[in-house]
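Single-structure report; data block below.
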Amino acid sequence: MTTTIGIIVGSLRRDSYTRKVATAFSQLAPADITLRMIDIADLPLYNEDLETTPPPAAWTALREAVAPCDGVMFFTPEYNRSVPGALKNALDVGSRPYGQNVWAHKPALVVSVSPGAISGFGANHHLRQSLTFLDMPTLQQPEAYIGNVTNLMTGPDQFVPATTDYFKLILTQYLAFVAKLA
Ligand SMILES: Cc1cc2nc3c(=O)[nH]c(=O)nc-3n(C[C@H](O)[C@H](O)[C@H](O)COP(=O)(O)O)c2cc1C
């Protein structure tokens, strides 16, 4: 049976460093892992008044994309020491209607990315706080703080070998974690 892992990127920016890190991870995944990039850019802001039959199409698309995943990898930049609103909104959309939390029980990976030295620590841990409530068991070690990201790149999409090795270590540990919880 193949394992399907969703990838969610918290930055909507075209040339996002966070997206480049997510892409590098996806290129390192073994062939028996199916990766599913889940777009969060077009989700209307969560509003219970819109939770009608049917709800906004983009909400349904997100919920239907997450549901079949065996795990979800989150890649987030840090906005004002927290996660971008777009990412929080995606979490909120997937968590409702009440009792139909689509994230529940899916093992998660949190990777924070920043050009700064603090490495998105605030975003990383704010995201972990939400994932706790969403009932997503989250890989504890190795923690994934990708700081000074511009210094880790050798080209527009290329990371230095030591960083690629580190990505591989994180990914290997995460996939083992997913397998253990399956
Ligand atoms: C609204 C906003 C708030 C930001 N706040 C932080 C912050 O708290 N910590 C940080 O390290 N970088 C912060 N930055 C800088 C981002 O790390 C930088 O823009 C980064 O490139 C965003 O990630 P991306 O390249 O994946 O889009 C902020 C950027 C924006 C636009």
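Just so we're clear, the structure is a prediction, and the values are computed from it rather than from any experiment. Remember, it's 1-based here, ligands and their atoms both numbered in the order they're listed.
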Open item on the list: Quick check on Pro115 - does any of its heavy atoms sit under 4.0 Å from an atom of ligand 1?
Closed with: yes

Open item on the list: If the contact criterion is a heavy-atom separation under 4.0 Å, does Ile118 count as touching ligand 1?
Closed with: no

So if you build clusters from Ile, Leu, Val, Met, Phe, Trp, Tyr with side-chain heavy-atom gaps below 4.5 Å, do [X] and [Y] land together?
| X | Y | value |
| --- | --- | --- |
| Phe74 | Val149 | no |
| Leu175 | Val110 | no |
| Phe75 | Leu43 | no |

- [ ] Could you tell me whether the side chain of Ser119 and the main chain of Ala117 form a donor-acceptor pair under 3.5 Å?
- [x] yes

Task: Side chain Asn89, main chain Tyr46, donor-acceptor under 3.5 Å - done: yes

Task: Element-labelled atoms of ligand 1 that are located less than 4.0 Å from some non-hydrogen atom of Ser16 - done: 24 (P), 25 (O), 26 (O), 27 (O)

- [ ] Show which atoms of ligand 1 fall inside a sub-4.0 Å distance from at least one heavy-atom site of Thr18.
- [x] 23 (O), 24 (P), 26 (O)

Closest approach of any protein heavy atom to [atom], naming residue and atom:
| atom | answer |
| --- | --- |
| atom 8 (O) of ligand 1 | Arg81 N, 2.8 Å |
| atom 11 (O) of ligand 1 | Ser114 OG, 2.7 Å |
| atom 23 (O) of ligand 1 | Pro77 CB, 3.3 Å |
| atom 9 (N) of ligand 1 | Glu78 OE1, 2.7 Å |
| atom 5 (N) of ligand 1 | Asn80 N, 2.8 Å |

Open item on the list: Check the orientation of Phe167 and Phe159. Use parallel for under 30°, tilted for 30 to 60°, and perpendicular for over 60°.
Closed with: perpendicular

Open item on the list: Any nitrogen or oxygen of Asp15 lying under 3.5 Å from a nitrogen or oxygen in ligand 1? Just yes or no.
Closed with: no

TODO: Using distance alone, determine whether Arg19 and ligand 1 share an N or O pair under 3.5 Å.
DONE: no

TODO: Can you confirm whether something in the protein, heavy atoms only, sits under 4.0 Å from atom 26 (O) of ligand 1?
DONE: yes

Open item on the list: Quick test of your reading of the model: are Arg63 and Glu51 salt-bridged, counting only N-O distances below 4.0 Å?
Closed with: yes

Task: Heavy-atom pair with the smallest gap, counting every atom of Lys88 and Ser130 - done: CE-OG, 3.9 Å

